[in-house]
Amino acid sequence: MDLQLIEYLRSFLTKNNIDGLIINSTNEFLVEYNMLELNSRYHLTGFTGSTGDVLFTNDKIYLFVDPRYHEKADKEVNHEFVTVVKLPLNKSYLTALDELIPLYYKLGVVASKTSKKFYDALLQRVITKNGIIKLINTDPVIDYKKDSIKEINYNVFKLDTDVTGVVADDKFVKVKEYAGDAFGIIVTSLEDIAYLTNLRSYDFAYSAVFPAKAVITHDMAYIYTDCTLPYIGSYFCVKPLCEFENMLKNADREYIYIDEDSITIADFNLIYKSNTLKTSYLKLLKTVKNEIEKEHLKRCFEKSDNALNVIREMINSDTIYSEYDYSEALKEAMFQEGAMSLSFRPIVASGANSSVIHYSIPSKEKMVENGDLLLVDYGGYYEGGLATDTTRTFIKGEPSPEQKTAYTTVLKAFLNAYYKQYTKKSSYFDIDKTARETIEKNITSDYAFSHSTGHGVGISVHENPPRVSSSDASKTKILENTVFTVEPGVYKEGWGGIRLENTVYASYEEDKVVLHSFSHFPFEIKLVDISLLNDEEKTYYIKWQAESSCTM
């Protein structure tokens, strides 16, 4: 723990006359995977997860983490200073934060790192307790660490149409068609801008985007950035990022449209008044993949499957390797297969560590011994700037009956969710329900399935929409050519965990919705108890293994 940073923040509370301050994990572009050196929450707590924010008070540091990170947070933080608030599956960070805030509370919020949507919801909670929110202009943690933060130089390149299928000008025209009478659309999601422009960069960790903001009018898309960009198209004009603020201040507010999820409260307050897009047009466009993008993803996942072979070869050898050895070999294999970057830090977790859902720092000391499970969750970016995401669980040596039962239960959940006959009225919620009910019926309650069944995949490895979960947000119809994961899992602390994940796309075939997997890596035969599969599941399992890219 950096005790001087803690004292600095306590002094900051006093100077600003506030009782508490939210310390964010994201940056001013509200990215999910923020570099650790730019991650304020990491500097304060040492927690390396991709999400999870902090409420800092004079005497407490509350770290809020969802179920994916419960064990990880416990392992990484100093509990003398940090209180880990473990959110259950269907409890939001906002609700948990509200429960901790007393009456008449003065809460500080960094305006440039808080979305308008979250700010509005939080403000309502604070007001009902006769409290106030004070907007902070700069992040005090980054101010404290600024001398050690290196500037990033972004190499931005343009994608060919053989991986995008559509030129940027045609995307602009499509947005205009969606927008109708909307005059100015503010775009601050980096993924949306990368999609619109067909530009990518791999200089920011675990992403394919570059820092920029944009406004789309009837005549032109203005891209505000300090990066050097190649030619985008005839409907695009590039301006310095510093001019974005003046544009907002001087915009005709009556005709400005924003996406509350992706615009910060700092940017919104410069406009002061606007209309609101219920769903971003660009989000809708990039969620549905065209035929060229799907064909490109098929090639990417073939390369990704090939890379995973190194794990299978290592674990089936007589040599004992560490988690770190497996992780390094996998990363090397991914780059040999053509990956330009990783889409997230690979998870390579063995034995009891495999119950840590987002275990992301493989150990050089933890050797994968006979009888150990090895959970491998990995993904990369290839030449088209779309992410891959796959998970397999392996076994070193021979499995125990409990390991086979748990693995087969997860396999049953995947097979049922994947092969089920859905209709055009079915929702992503139905996919989650099928997987979750299969697990609940087939395994004891000491195992937890404590994450959603899936998420969208695109320029971001966690694209939204769609969501595949038990939340109301998932109760939307499955759209043709949407790409998302199906990844059931079970976890028991101190014992281990099993997850099987495939990225799929949905197609409409007559009146049915059929799922198709991009990955074709086989399941682990040694871990399958065929007697636990019913006749239908046996047929599914045989079909998958027969069609896999590298059967055993």
Side-chain angles (χ1 to χ4, degrees), residues 9 12-13 16-32 34 38-41 51-56 64 92-98 100-101 105-143 184-193 211-216 224 241-280 282-283 464:
L9 291 174
F12 185 86
L13 296 184
N16 286 274
N17 191 29
I18 51 178
D19 302 310
L21 174 68
I22 292 179
I23 306 292
N24 307 86
S25 62
T26 189
N27 65 5
E28 64 271 27
F29 298 98
L30 304 182
V31 299
E32 176 184 8
N34 193 15
L38 302 176
N39 188 321
S40 299
R41 184 222 57 218
T51 61
D53 292 344
V54 160
L55 173 63
F56 180 89
F64 299 84
S92 72
Y93 160 50
L94 178 63
T95 299
L97 184 61
D98 181 36
L100 281 175
I101 294 175
Y105 203 71
K106 300 175 184 177
L107 179 64
V109 171
V110 179
S112 62
K113 295 187 174 183
T114 305
S115 73
K116 178 186 183 298
K117 186 173 183 178
F118 180 81
Y119 173 81
D120 286 348
L122 178 61
L123 182 62
Q124 288 298 112
R125 305 273 184 129
V126 172
I127 287 175
T128 59
K129 295 184 174 183
N130 294 316
I132 63 168
I133 291 182
K134 180 173 183 178
L135 292 176
I136 307 299
N137 292 327
T138 62
D139 184 337
V141 177
I142 296 301
D143 287 344
I185 303 171
I186 304 301
V187 185
T188 51
S189 162
L190 298 189
E191 288 79 15
D192 287 359
I193 294 172
K213 297 182 180 183
V215 59
I216 302 173
Y224 295 84
L241 184 59
C242 62
E243 293 184 14
F244 183 74
E245 182 175 320
N246 284 333
M247 183 280 300
L248 292 182
K249 289 178 180 177
N250 297 317
D252 189 340
R253 296 166 183 168
E254 186 176 351
Y255 297 101
I256 289 292
Y257 287 74
I258 57 111
D259 177 359
E260 289 187 323
D261 282 329
S262 61
I263 193 169
T264 66
I265 191 62
D267 283 344
F268 179 79
N269 282 346
L270 294 174
I271 309 168
Y272 183 73
K273 175 185 175 183
S274 80
N275 295 299
T276 300
L277 300 177
K278 292 183 178 179
T279 304
S280 162
L282 283 167
K283 278 184 181 177
N464 174 36

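Note that the structure is predicted; figures quoted are calculated from it, not measured. Note: hydrogens, waters and symmetry copies are ignored here, and every other heavy atom, side chains too, is used.
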[X] vs [Y] side-chain heavy atoms within contact, under 4.5 Å:
X    : Y    : result
S40  : N24  : no
K134 : N16  : yes
S189 : K283 : no
L282 : D259 : no
F244 : L270 : no

Original post:
I263 and I271: side-chain contact (heavy atoms from CB on, under 4.5 Å), yes or no, with the steps?
Top reply: CA-CA 11 Å; I263 193 169; I271 309 168; 4.2 Å; yes

Return the set of residues passing ring pair (Phe, Tyr, Trp, His ring centres under 6.0 Å) with [X] (not counting sequence neighbours), or none when no residue passes.
X    : result
Y119 : none
Y105 : none
F64  : Y93

Between the side chain of [X] and the main-chain N/O of [Y], is any donor-acceptor distance below 3.5 Å?
X    : Y    : value
K113 : D139 : no
K129 : D98  : yes
T26  : V31  : yes

Original post:
Are a donor atom and an acceptor atom from the side chains of D53 and S25 found within less than 3.5 Å of each other?
Top reply: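 Yes - a donor-acceptor pair under 3.5 Å links their side chains.
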
Who are the side-chain hydrogen bond (donor to acceptor under 3.5 Å, both in side chains) partners of [X], not counting sequence neighbours?
X    : answer
S280 : D192
N34  : none
E243 : none

**OP:** Please assess I22 against L97 for the test side-chain contact (heavy atoms from CB on, under 4.5 Å), listing each intermediate value before the final yes or no.
**Re:** CA-CA 10 Å; I22 292 179; L97 184 61; 3.7 Å; yes

**OP:** Could you check I256 against I186 for side-chain contact (heavy atoms from CB on, under 4.5 Å), going step by step and ending with a plain yes or no?
**Re:** CA-CA 7 Å; I256 289 292; I186 304 301; 3.7 Å; yes

Original post:
Should K213 and D267 be marked as a side-chain contact (heavy atoms from CB on, under 4.5 Å) after you check the CA-CA gap, both sets of side-chain angles, and the distance that decides it?
Top reply: CA-CA 10 Å; K213 297 182 180 183; D267 283 344; 2.7 Å; yes

**OP:** For residues I193 and A212, report the shortest heavy-atom separation together with the two atoms involved.
**Re:**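 Reported closest heavy-atom pair: CD1-O, 3.2 Å.
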
Original post:
Between CD1 of I132 and CD1 of I18, what distance do you get to the nearest 0.5 Å?
Top reply: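 So the gap between those two atoms works out to 9.0 Å.
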
Subject >> OG1-CD distance between T188 and E28, expressed to the nearest 0.5 angstrom >> reply: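 T188 OG1 to E28 CD: 11.5 Å, rounded to 0.5 Å.
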
